Number of protein chains: 2
Amino acid sequence: MTEGREPPARRRDAAATRAALLAAATELFNERGFDRATVRDIAERAGVNQALLFRYFGTKDELFALVIANRSRELINSAPPERLVGRTLDLLLDPDSPKRSANPLVALLRSSSHDEAAAAIRAELGDEYTGALAALTGAEDADVRAVLVLAWLLGIGLLRSVLPTEPLASADPQAVRDHVLRAVRTLLERVDIRPGE
Amino acid sequence: MTEGREPPARRRDAAATRAALLAAATELFNERGFDRATVRDIAERAGVNQALLFRYFGTKDELFALVIANRSRELINSAPPERLVGRTLDLLLDPDSPKRSANPLVALLRSSSHDEAAAAIRAELGDEYTGALAALTGAEDADVRAVLVLAWLLGIGLLRSVLPTEPLASADPQAVRDHVLRAVRTLLERVDIRPGE
DNA sequence: CGGCAATGTAAGCGAGTGCTTACAACTTGT
DNA sequence: ACAAGTTGTAAGCACTCGCTTACATTGCCG
């Protein structure tokens, strides 16, 4: 895992530090949201000088946009639409990923409104996600229904990250998943309820 | 509206400025969350010197706690449990209250984790709200179901305040309310679906 | 009135923020 | 091997934040 192939493990490696910064930023934005994740913290977690963050990403805003775009697309493409809700729930409820991996959209929400660029990304990704979900119903107001489902997932992720003591943390993920999926089927009749993976 | 009765409208009035600060803080915490609502902005909107904020409330944290406690209790007591979800939805979806009145719990969530005092309040109010909701089902895991419903309401409020262009803004509030309530009945069989007020 | 607490004001302190700059250390192509 | 470009480092600048302090003004009560 330390070194792979081609370049014989250089001691100075731009690509590696860039990746380390990206990983650290992903974690911290998820854990704390945009405002409370400082560039110094990100650089420190990456084990890297903070000036490099600006060399490689230009701005904290740009870094944030990159992180969100990456992880959101990744999530949206990780399952077919019928299983997207279930898949997202699995990630949100996975106790092994209290911070690290799961919830890019939650990080987005948690970072209130800060600049226009990020706002555009927000809208775009929201559209992408709800677009996928809206295909799961024949109802006229498919988009409204899809947005409502998205809102639920976001709320669950947020609550879990803000109130770690809530019953959600200790509840059986399968049972929670089941509750949500059955309720969601009221809105999107074609969602797949079976356990995924 | 300017002056009521007893004290003949004093030019210097501690109670009045305290109230102005509280109102301004309520608005700004709702609009921007804890971090981005600065004490300078709050004081300015209240038309008051910012030092007074600290004289009357001690700390930004304490002011926040007060605002949240006030408005949450107000909300929870504004309807019997069977109608609490519907009532909250009405407030969240009311287009006339994009910022001002409706969503104390949303403001809470939007303010990520900042200090232990607020965290305690968060937990306490969450318990209060979910306690009311949990009474609406006979299921064993009533608390989990209640938390899921709370999460949905929070998600809806957050999405609405962060993506004002979403279909939620232009959708018919009654229809949205109906969708959510019917889905929620999957979890809490005793919720009242009829339009309130 | 005169004294005093209550109320309001102006200025700034210390800490933390995003970001920049000037420079050292390394790697590489020739 | 050596210059040139790349990568890493240390320091600090300009700004904003929550909060404090020292001082002016007002209203109240004997």
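Since this is a predicted model, take the numbers as computed values, not measurements.
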Work out which heavy atom in A:D192 is nearest to a heavy atom in A:L181; give both atom names and the distance.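 Here A:D192 and A:L181 meet closest at O-CD1, 4.0 Å.
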Counting any heavy atom closer than 4.0 Å, what does B:F57 reach on the DNA or RNA strands: base, sugar-phosphate only, or nothing?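 If one applies the 4.0 Å heavy-atom cut-off, B:F57 turns out to touch nothing in the nucleic acid.
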To the nearest Å, give me how far apart [atom1] ([X]) and [atom2] ([N]) are.
X	N	atom1	atom2	result
B:I42	D:dT16	CD1	P	18 Å
A:L21	C:dG18	CG	C1'	15 Å
A:N49	D:dA11	CG	C1'	10 Å

For a side-chain hydrogen bond (donor to acceptor under 3.5 Å, both in side chains) with A:T137, tell me which candidate from A:E189, A:R190, A:R185 qualifies.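 Of all the options given, the one that passes is A:E189.
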Respond yes when some side-chain nitrogen or oxygen of A:Y56 is under 4.0 Å from OP1 or OP2 of D:dG8, and no when none is.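 Yes, because at least one side-chain N or O of A:Y56 sits under 4.0 Å from OP1 or OP2 of D:dG8.
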So which protein N/O to nucleotides 17-19 of chain D N/O distances come out below 3.5 Å?
from   : atom 1 : to    : atom 2 : distance (Å)
D:dG18 : OP1    : B:K60 : NZ     : 2.6
D:dG18 : OP2    : B:V39 : N      : 3.0
D:dG18 : N7     : B:R40 : NH1    : 2.9
D:dG18 : O6     : B:R40 : NH2    : 3.0
D:dC19 : OP2    : B:K60 : N      : 2.8
D:dC19 : N4     : B:Q50 : OE1    : 3.0
D:dC19 : N4     : B:Q50 : NE2    : 2.8

For B:A43, what residues pass the side-chain contact (heavy atoms from CB on, under 4.5 Å) criterion, not counting sequence neighbours?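 B:Q50.
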Test: B:E31 and B:R36 ion pair at under 4.0 Å: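 The answer is no: the pair does not qualify as a salt bridge.
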Pair B:R45 + B:D41: basic N to acidic O under 4.0 Å: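 Salt bridge absent between B:R45 and B:D41.
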Side chain of A:A51: nearest nucleotide among D:dT21, D:dG8, D:dT9?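 Nearest to the side chain of A:A51 among the choices is D:dT9.
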Classify the ring geometry of A:F64 against A:F29: parallel below 30°, tilted from 30° to 60°, perpendicular beyond 60°.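 Perpendicular: the ring planes of A:F64 and A:F29 meet at over 60°.
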Could you go over nucleotides 22-25 of chain D and give all protein N or O partners under 3.5 Å, atom names and distances?
from   : atom 1 : to    : atom 2 : distance (Å)
D:dT25 : O2     : B:R12 : NH1    : 3.2
D:dT25 : O2     : B:R12 : NH2    : 3.1

So, taking the atom named CD1 in B:I42 and the one named CG in B:L21, what distance separates them when rounded to the nearest 0.5 Å?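 B:I42 CD1 to B:L21 CG: 8.0 Å, rounded to 0.5 Å.
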Under the criterion side chain to side chain donor-acceptor pair (under 3.5 Å), I'd like the reasoning laid out for A:R87 against A:S78: C-alpha separation, chi angles, the key distance, then a yes or no. CA-CA 8 Å; A:R87 171 104 185 108; A:S78 73; 3.1 Å; yes
